[in-house]
Each structure stands twice: as C-alpha cells, then as structure tokens.
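Remember, it's a predicted structure, so these values are computed and weren't measured experimentally.
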Amino acid sequence: LIAIGVGALLVAVGFAVGGTGGGDASGPAWSAWHPSGKSAAQQIATHVGEQYHLSDGKQLVLAEGGSMSIAGLPLTVALRQTADQGGDIKLYDDKGVLYRLCGLGKDCAIASGKPSIERHLLLRREALELALYSFRYLDGVKQVAVFMPPARGKQPSQALFFRKGELSPELRKPLDATLTSDVPSVATMTRSPDALLVDRLTLPTLFTFSLTPANQDNRAFLVLDPFTASTGGGTSGSTSSGAGPSTGGSTSAGTSSD
C-alpha cells in the first residue's frame, strides 16, 4: 500500500510540473508561458515582443503574427539556391506562420536609437524565439518566416526563414536551455551567454525577400534569396555600410547601414 501511495504521488507531481500545449506531461514544462485558445500566433508575437527593448526602455519593435499569407493570398515559399548550392528553386508549402517586426517608423523602420550590429543580433534573437514558440505550441506548423524592420529610408527586404526540423534539438529541451530567461539589451547582446548560439542558428536562415503573385492561381510566392552584402538592402540594426553578416559563428554580424 505504501509503494502504491508513493507511485500515485509521483504521478501527481509529474502532472503538476508537466508542460502544456504539446509538452511532455511527464517532464518539466518547456516554457513558463504558453499560448492558449484562438489567435495563438498573435499571442506569441505579443508575449515575445514585450520582452525586447531599446536602450531607452521602449519596446524594440511591434511584433504581429498570423497565417502565411499576404493581403489574403496564401504564400508559397520559393527559396533560390546559389550556383554553388546547385542553383535550384526549392518550394515549401507546409503549414506556416508569418511574423512581421515593425519599428513604427516610416515603412516599419525602428524610429529611435542607433542602428548597430548588436541590435541586428537582438532582432534575430527575437525572430528565433518566435519560431521556437511556434514550432513547440502551434499544431502542424512546419515553417516560420519573420520579416525584419528595414533601414530608415529603405523598404523591408530581409527575412528569416525557419524549418521545424532544423530546430529539433532546441525543441527537445526547455526554452531557457537555449535562450537565457533574462532577455539581453542592445548593449549587452553580444556578451549574452546565448549570443554565439543565436548567431549560429539565425545566420543560415537570413535571406533577402520579395513577393510575386502566381500567374494562374490565387496565391503568391515569398521569394527568398541567400543574403549577401550586395543584396541585403539594409535593416535597422546595422553599422557598417555594405558589410554582410559573418558566416563563421561570430557575433559581429552586421548588415548594410541605414
């Protein structure tokens, strides 16, 4: 009887600390917060967006999330490889989520503060967190695109594109094992314990994007080209004009200046 009682107690504790929304009920919760009910993508966008701030304490960007569509047209991702990669066009039409990061300046540029390498890395960290929450809690979601805010005076041109399988190791462990629970500031981003990991996970997902309607059916293509210094177009997070992001795991990644 004592053994049965102890076993029942352990089961009860397991349910008490277990995750929700796709988490393992026999283990620790994947995150302290999770979305619930309808509009879960926007709940994720609001929750994550409120954690990121500029040096003056204001929220870094407004984050909006929803289905993978533009103006009511569903989006198919068309990823163009470089010649070295084979030069093929890869189509991705899985269930996905589209997030837009808007700095509330003209054309969604960040309205205040100075662009910097650190700020661009912090924006990529926010995009990564949005993707992780989406893959963990949104049923059937296999891909996430995040539109970055542009440089001042430019049109939005950079996006991050995540596939669920590429983040499988991070989804199998609690969120705070990947990203520190205390979100770094712009000034401390490159010194954050997760900075190198964020850089490594997000640089391969950084693309320049364009939108083009399909010519026969009711959809559009989100066209992604590998990011280069010459095609980047600039985002509101950079310092060195014409300098492209590092590809060797360094946190000194930059984009063209605004």
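For the salt bridge (charged side-chain N to carboxylate O under 4.0 Å, His left out) with D194, the qualifying choice from R125, R200, R124 is R125, the only one to do so.
The aromatic ring centres of Y92 and F161 sit less than 6.0 Å apart.
In this structure, Q51 contributes its side chain and H47 its backbone to a donor-acceptor pair below 3.5 Å. At distances below 3.5 Å, not a single donor-acceptor pair connects side-chain atoms of Q85 with backbone N or O atoms of G87. Side chain of D56 to main chain of K58: a donor-acceptor pair is present (N/O by atom type, distance under 3.5 Å, no hydrogens or angles). A side-chain donor-acceptor contact under 3.5 Å links R136 to the backbone of L171. A donor-acceptor contact shorter than 3.5 Å links the side chain of R152 to the backbone of I110. A donor-acceptor pair under 3.5 Å links the side-chain atoms of S185 to the main chain of T188, judged by distance alone. Checked by atom type and distance alone, the side chain of S134 pairs as donor or acceptor with a backbone atom of L130 at under 3.5 Å.
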Report task. Show the numbers, then the answer: is there a side chain to side chain contact (heavy atoms under 4.5 Å, CB included) between Q158 and L206? Result -> CA-CA 7 Å; Q158 286 190 20; L206 182 62; 3.4 Å; yes
Query raised in the report: R163 and D94: salt bridge (charged side-chain N to carboxylate O under 4.0 Å, His left out), yes or no, with the steps?
Result: CA-CA 10 Å; R163 297 280 296 169; D94 299 311; 2.7 Å; yes
Report task. Using the side chain to side chain contact (heavy atoms under 4.5 Å, CB included) rule, take L179 and L197 through it: C-alpha gap first, then chi angles, then the decisive distance, then the call. Result -> CA-CA 9 Å; L179 300 176; L197 179 61; 5.8 Å; no
Requested in this report: Mind running side chain to side chain contact (heavy atoms under 4.5 Å, CB included) on V146 and T205 for me, showing each step along the way?
Outcome: CA-CA 10 Å; V146 183; T205 72; over 6 Å; no
Query raised in the report: Can Q42 and T46 be said to form a side chain to side chain donor-acceptor pair (under 3.5 Å), step by step?
Result: CA-CA 6 Å; Q42 183 55 47; T46 300; 3.1 Å; yes
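In this structure, the side chains of E129 and L175 come closer than 4.5 Å at one or more pairs of heavy atoms. Between K164 and V141 the shortest side-chain heavy-atom distance does not fall below 4.5 Å. At least one side-chain heavy atom of P184 sits under 4.5 Å from a side-chain heavy atom of M189. Under the 4.5 Å side-chain criterion, counting only non-hydrogen atoms from C-beta, L222 is in contact with F147.
Taking CG of L79 as the start and CG of L91 as the end, the distance is 9.5 Å to the nearest 0.5 Å. Atom OH of Y137 sits about 11.0 Å away from atom CG of L132, to the nearest 0.5 Å. Rounding to the nearest 0.5 Å gives a distance of 10.5 Å between CG of L160 and CZ of F227. Taking CD of Q43 as the reference point, atom CG of L138 lies at 9.5 Å (rounded to 0.5 Å). The CD atom of Q143 sits 8.0 Å away from atom CZ of F135, with the distance rounded to the nearest 0.5 Å. Once rounded to the nearest 0.5 Å, the distance linking OG of S112 with CG of L60 reads 9.0 Å.
V77 and V144 end up in different hydrophobic clusters when Ile, Leu, Val, Met, Phe, Trp and Tyr side chains are linked at under 4.5 Å. Under a hydrophobic clustering in which Ile, Leu, Val, Met, Phe, Trp and Tyr are joined whenever their side-chain heavy atoms come within less than 4.5 Å, directly or via other members, V48 and L104 fall into different clusters. A continuous path of hydrophobic side-chain contacts links I70 to L224 [ILVMFWY only; heavy atoms under 4.5 Å]. Note on L211: it does not cluster hydrophobically with M148, by side-chain heavy-atom contacts below 4.5 Å among ILVMFWY residues.
Here the closest heavy-atom approach between residue F209 and residue A159 is recorded as CD2-CB, 3.7 Å. Between R80 and I89, the closest heavy-atom pair is CG-CG1, 3.9 Å. In terms of heavy-atom proximity, P174 sits nearest to A29 at CB-O, 4.3 Å. Pairing each heavy atom of A78 with each of F221, the nearest pair is CB-CD2, 4.3 Å. In this structure, L98 and S69 approach most closely via the heavy-atom pair CD2-O, 3.6 Å. Minimum interatomic distance between A127 and F162 (heavy atoms only, all atoms of both residues): O-CE1, 3.8 Å.
Checked against salt bridge (charged side-chain N to carboxylate O under 4.0 Å, His left out), R100 has no partners two or more places apart in sequence or in another chain. Listed by chain and residue number, nothing satisfies the ring-ring contact (aromatic ring centres under 6.0 Å, His included) test with Y52 (two or more places apart in sequence, or in another chain).
Crowding of K90 atom NZ: a count of heavy atoms from other residues, nucleotides or ligands under 6.0 Å not exceeding 12. Counting non-hydrogen atoms of neighbouring residues, nucleotides and ligands closer than 6.0 angstrom, the CG atom of D182 reaches no more than 12 such neighbours.
A donor-acceptor contact closer than 3.5 angstrom is absent between the side chains of S55 and R119.
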